[in-house]
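A quick write-up on the structure given underneath.
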Amino acid sequence: MTRRSVLAVGAHPDDIELGCGGALAKHVAAGDHVTMLVVTRGEEGPGKSSQRVAEQQAAADALGIDKLIWGEGFLDCRVSLQEFELVHLIEDAIDKVSATVVYTHMANDSHQDHRVVSRCTMGAARWVSTIMAYGGPSAVGFNPTAFIDISDSLDKKIEALMCHVSQAEASEKVSASWVRSSAEH
């Protein structure tokens, strides 16, 4: 079986774990090469930016992620001001890891950074054979057409998400019980 190269793109620390952490854990378990691209350091959210960076690294380690890439110069809640640069950042990441599977935010999301990252990822990944959009707490009307059974990796997703202590303390939607009930639903 050929190893796939997977790239997961998220606007902020914790977005990827919330949206597709269980799927990424399954990829890792299958022996796929998995990379995360986090566009901002979440400086507008709860917690200091340095803390959020450390939390993201701990979460990536918990999932067994091969590589964590950070966007440089992209500011939380201002990503839309740099769409051209963002498309190129994502294209470069796709090329660097030879991604054959890309995960990103769904387009219909209430957070402006999530919408822009989704749109730019779709453009940057136009030649990638598999693009998967994930939902999260700020997704609006999420109606998936493909499902990945993460029952065997849900605990790993929750373990990674709980590394984001600053977010778990600030939101009930970054909690083990919310994530478990969402996944079961």
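To the nearest 0.5 angstrom, Asp61 atom CG is 8.5 Å from Leu68 atom CG. In this structure, CD1 on Ile90 lies 12.0 Å from CG on Asp95, to the nearest 0.5 angstrom. To the nearest 0.5 angstrom, Thr35 atom OG1 is 11.0 Å from Ile94 atom CD1. To the nearest 0.5 Å, atom NE2 of residue His12 and atom SG of residue Cys77 are 5.5 Å apart. Between the CG atom of Leu24 and the CD1 atom of Ile65 there is a distance of 5.0 Å, given to the nearest 0.5 Å. In this structure, CG in Leu7 is found 6.5 Å from CD1 in Ile69, a value given to the nearest 0.5 Å.
Hydrophobic clustering keeps Val38 apart from Phe74 (ILVMFWY residues linked when any side-chain heavy atoms are closer than 4.5 Å, directly or through intermediates). Clustering ILVMFWY residues whenever any of their side-chain heavy atoms sit less than 4.5 angstrom apart, transitively, puts Val97 in a cluster other than the one holding Met132. Hydrophobic clustering, with ILVMFWY side chains joined whenever heavy atoms are under 4.5 angstrom apart, keeps Leu86 apart from Met36.
Taking the side chain as every heavy atom from C-beta outward, Val28 and Asp66 never approach each other to under 4.5 Å. Considering only heavy atoms from C-beta on, Trp178 stays 4.5 Å or farther from Ser171 through its side chain. Side-chain contact between Val116 and Glu83: present, with at least one pair of heavy atoms (C-beta onward) separated by less than 4.5 Å. In this structure the side chain of Asp155 reaches within 4.5 angstrom of the side chain of Arg180, judged on heavy atoms. Using a 4.5 Å heavy-atom threshold, the side chains of Ile16 and Tyr103 count as separate.
Counted by atom type alone, His88 and Glu85 present zero donor-acceptor pairs between their side chains at under 3.5 Å.
Not one N or O on the side chain of Lys67 forms a donor-acceptor pair closer than 3.5 Å with the backbone of Val34. Distance alone, capped at 3.5 Å, is enough to place a donor-acceptor pair between the Gln167 side chain and the Pro46 backbone. Under the 3.5 Å distance criterion, the side-chain polar atoms of Thr40 are left unmatched by any main-chain donor or acceptor of Leu75. No donor-acceptor pair closer than 3.5 Å links the side chain of Thr130 to the backbone N or O of Val101. Between the Ser181 side chain and the Ser177 main chain, a donor and an acceptor come within less than 3.5 Å of each other. Checking side-chain atoms of Asp15 against main-chain N and O of Gly10 turns up no donor-acceptor pair under 3.5 Å. Side-chain atoms of Asp32 do not come within 3.5 Å of backbone N or O of Arg3 as any donor-acceptor pair. Put simply, the side chain of Thr100 never gets that close to the backbone of Arg4: no donor and acceptor are under 3.5 Å apart.
Among all heavy-atom pairs drawn from Gly22 and Ser153, the shortest one is O-OG, 2.8 Å. When every heavy atom of Ala183 is checked against every heavy atom of Ile150, the shortest pair comes out as CB-CD1, 4.1 Å. Across all non-hydrogen atoms, the minimal contact from Asp76 to Gly45 is OD2-N, 3.5 Å. Among all heavy-atom pairs drawn from Gly71 and Leu89, the shortest one is CA-CD2, 3.8 Å. Closest heavy-atom contact between Leu63 and Ala160: CG-CB, 3.5 Å. Contact between Tyr134 and Val9 at its shortest, heavy atoms only, is OH-O, 2.7 Å.
You'll find the ring centres of His111 and His105 outside the 6.0 Å limit.
Each of Lys157, His164, Lys156 was evaluated against Glu17; a single residue qualifies, His164, per the side-chain hydrogen bond (donor to acceptor under 3.5 Å, both in side chains) test.
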task: Please test Glu91 against Arg126 for salt bridge (Lys or Arg N to Asp or Glu O under 4.0 Å), starting from the C-alpha separation and ending with a verdict.
output: CA-CA 9 Å; Glu91 284 176 337; Arg126 63 195 171 278; 3.1 Å; yes
task: Could you go through the side-chain contact (heavy atoms from CB on, under 4.5 Å) check for Val53 and Trp70 one step at a time?
output: CA-CA 9 Å; Val53 167; Trp70 288 96; 3.9 Å; yes
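Screening residues 132-143 for salt bridge (Lys or Arg N to Asp or Glu O under 4.0 Å), with sequence neighbours left out, gives no hits. Applying the ring-ring contact (aromatic ring centres under 6.0 Å, His included) test to every pair with at least one member in residues 31-67, sequence neighbours left out, gives no pairs at all. Residue pairs meeting the salt bridge (Lys or Arg N to Asp or Glu O under 4.0 Å) criterion with at least one partner in residues 37-60, sequence neighbours excluded, are Arg41-Glu72, Glu44-Arg78. For residues 109-118, there are no salt bridge (Lys or Arg N to Asp or Glu O under 4.0 Å) pairs, not counting sequence neighbours.
Applying the ring-ring contact (aromatic ring centres under 6.0 Å, His included) criterion to Phe147, with sequence neighbours excluded, gives no partner residue.
Members clustered with Phe142: Met106, by chain and number, using a 4.5 Å side-chain heavy-atom cutoff among hydrophobic residues.
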